[in-house]
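Data block below; observations after.
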Amino acid sequence: LSSTCIIFANKTLAKKYHFKFSVLLTGCHFIVTYVGALICKRMGMYKSKKLNPWDVFPITAAFVGFVVFNNLSLQENSVGFYQLAKVLTTPVIAIIQQLFFGVNMDSRLKLAMIPVIFGVILASVSDVEFNKLGCFWAVAGILSTSYYQIFVKTKQKALQANSFQILEYQAPQAAAIVLVLSPFMDGMVTGSNQLKDADWSSGLVATIAISCFLAFCVNLSIFLVVGKTSPISYNVLGHCKLLVILTGGVVLFGEHVS
């Protein structure tokens, strides 16, 4: 629910308010996620656990790669190729888990992945445009996304820490790195006063606030879902999210689907 609603909130920011600073928005998302974790701690929902920040950093690094490389992939590739690359995350996770983490999938799960992947390829393949640079960023995006989701699972187990305890360390790390990158990736350095020139209406501020709250729910849900199930389960859940988003795009935003 949260990861579907945040897509619609971000679409509203882009289409209605022409707010194009997606990386800056991601930084704000993690600031609010950190604050949200601290509020939950004050409410007694969890207790802090002393962790070595460097033990959590692989999750942060993979997440930053996930944000940066997927943004670059979207810039360089058609929407169809971008979506196609994201679909390949599911089998890549299965391969990485088996080769490097000793996790062998049940043969029934492997068979179940085939129609899921084939179906999304069928929906995306008509819009595929190939170029070498775009392909490079797409592969980097697939690998970073795969490792992010795998680390979310393995680090919770290795550190014996719950979702909140890891987010308390990961969120400020991710926010700091993403906010440093945002002026370059959002094109702020190439324009004059682009943020100042934005229409800072109450509607825009309210939508950003809603997006940030939903991001806290999304970031927490990633750790909860992957921690209780597996990265593969989370990816298949993501395909269900895609169906809802495509349907919502047609119903709410009047988008055309052939």
Side-chain angles (χ1 to χ4, degrees), residues 2-3 6 22-34 37 51-77 82-83 85-103 135-182 184-185 215-238 241:
S2 59
S3 52
I6 195 172
S22 60
V23 181
L24 174 65
L25 185 63
T26 303
C28 295
H29 285 169
F30 268 94
I31 291 172
V32 172
T33 297
Y34 179 58
L51 299 174
N52 185 339
W54 288 109
D55 289 335
V56 181
F57 187 74
I59 306 177
T60 306
F63 170 79
V64 172
F66 153 68
V67 171
V68 171
F69 295 140
N70 280 303
N71 267 284
L72 290 169
S73 174
L74 189 57
Q75 287 176 24
E76 296 294 332
N77 294 311
Y82 170 76
Q83 188 58 53
K86 288 185 71 176
V87 172
L88 294 176
T89 302
T90 307
V92 168
I93 286 175
I95 293 167
I96 291 173
Q97 284 191 134
Q98 184 157 351
L99 290 178
F100 302 110
F101 294 90
V103 179
C135 186
F136 175 80
W137 294 129
V139 171
I142 291 169
L143 292 174
S144 57
T145 303
S146 300
Y147 272 103
Y148 176 58
Q149 294 177 18
I150 291 170
F151 284 150
V152 164
K153 176 73 174 181
T154 57
K155 288 295 182 181
Q156 286 188 77
K157 187 176 180 180
L159 299 174
Q160 295 183 320
N162 63 33
S163 310
F164 283 110
Q165 290 166 338
I166 293 181
L167 266 182
E168 189 177 337
Y169 281 84
Q170 190 233 344
Q173 290 179 354
I177 296 172
V178 170
L179 288 174
V180 168
L181 293 173
S182 67
F184 305 96
M185 294 199 62
F216 166 64
C217 299
V218 171
N219 290 326
L220 180 60
S221 72
I222 291 172
F223 281 88
L224 290 170
V225 173
V226 175
K228 295 292 184 184
T229 58
S230 71
I232 294 292
S233 299
Y234 182 77
N235 265 270
V236 175
L237 184 65
K241 178 189 75 174

Just one of Asn235, Thr90, Thr89 clears the side-chain hydrogen bond (donor to acceptor under 3.5 Å, both in side chains) bar with Gln149, so which one?
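Output: one option passes, namely Asn235.
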With sequence neighbours excluded, what pairs up with Phe223 under the ring-ring contact (aromatic ring centres under 6.0 Å, His included) test?
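Here no residue qualifies.
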For Phe136, which residues count as a ring-ring contact (aromatic ring centres under 6.0 Å, His included) partner, sequence neighbours excluded?
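With neighbours one apart ignored, the set is empty.
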Which residues pass the side-chain contact (heavy atoms from CB on, under 4.5 Å) test with [X], not counting sequence neighbours?
X	value
Ala175	Phe30, Ile31
Val218	Ser2, Ser3, Ile6, Ile222
Leu143	Val92, Ile96, Val139

What are the two closest non-hydrogen atoms of Pro172 and Leu167, and how far apart are they?
CD-O, 4.0 Å
On a heavy-atom basis, the closest approach of Gln165 and Gln160 is OE1-O, 4.4 Å
Roughly how far, to the nearest 0.5 Å, is the [atom2] atom of [Y] from the [atom1] atom of [X]?
X	Y	atom1	atom2	answer
Ile59	Phe66	CD1	CZ	14.0 Å
Tyr147	Ile142	OH	CD1	13.5 Å
Asn162	Phe164	CG	CZ	7.5 Å
Phe100	Ile95	CZ	CD1	10.0 Å

Which residues satisfy the side-chain hydrogen bond (donor to acceptor under 3.5 Å, both in side chains) test with [X], sequence neighbours excluded?
X	answer
Thr145	Asn70
Gln170	none
Ser221	none

Considering only residues two or more places apart or on different chains, which pairs with a residue in residues 156-170 satisfy salt bridge (Lys or Arg N to Asp or Glu O under 4.0 Å)?
Lys41-Glu168
Is there any salt bridge (Lys or Arg N to Asp or Glu O under 4.0 Å) pair reaching into residues 57-69, and which pairs are they, with sequence neighbours excluded?
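For residues 57-69: none.
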Might you work through the side-chain contact (heavy atoms from CB on, under 4.5 Å) test for Phe57 and Ile177, ending with a clear yes or no?
CA-CA 11 Å; Phe57 187 74; Ile177 296 172; 3.9 Å; yes
Would a 4.5 Å heavy-atom cut-off, applied to side chains only, mark Val103 and Ile150 as touching?
no
Enumerate the side-chain hydrogen bond (donor to acceptor under 3.5 Å, both in side chains) contacts for residues 24-34, please, sequence neighbours excluded, ordered by first and then second residue.
His29-Ser211, Thr33-Asn219
Should the pair Phe69 and Trp137 be assigned to parallel (<30°), tilted (30 to 60°) or perpendicular (>60°) ring geometry?
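It falls in the parallel class, under 30°.
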Could you go through residues 224-233 and list every donor-acceptor pair under 3.5 Å that involves a side-chain atom there, pairing it with any protein atom two or more places apart or in another chain?
| residue | atom | partner | partner atom | Å |
| --- | --- | --- | --- | --- |
| Thr229 | OG1 | Val225 | O | 2.4 |
| Ser230 | OG | Ile232 | N | 3.4 |
| Ser230 | OG | Ser233 | N | 3.2 |
| Ser230 | OG | Ser233 | OG | 3.2 |

Start with the C-alpha distance between Val152 and Ile166, add both sets of side-chain angles, then the distance that settles side-chain contact (heavy atoms from CB on, under 4.5 Å), and finish with yes or no.
CA-CA 9 Å; Val152 164; Ile166 293 181; over 6 Å; no
Checking Tyr169 side chain against Leu51 main chain: does a donor-acceptor pair fall under 3.5 Å?
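Confirmed, Tyr169 side chain pairs with Leu51 backbone.
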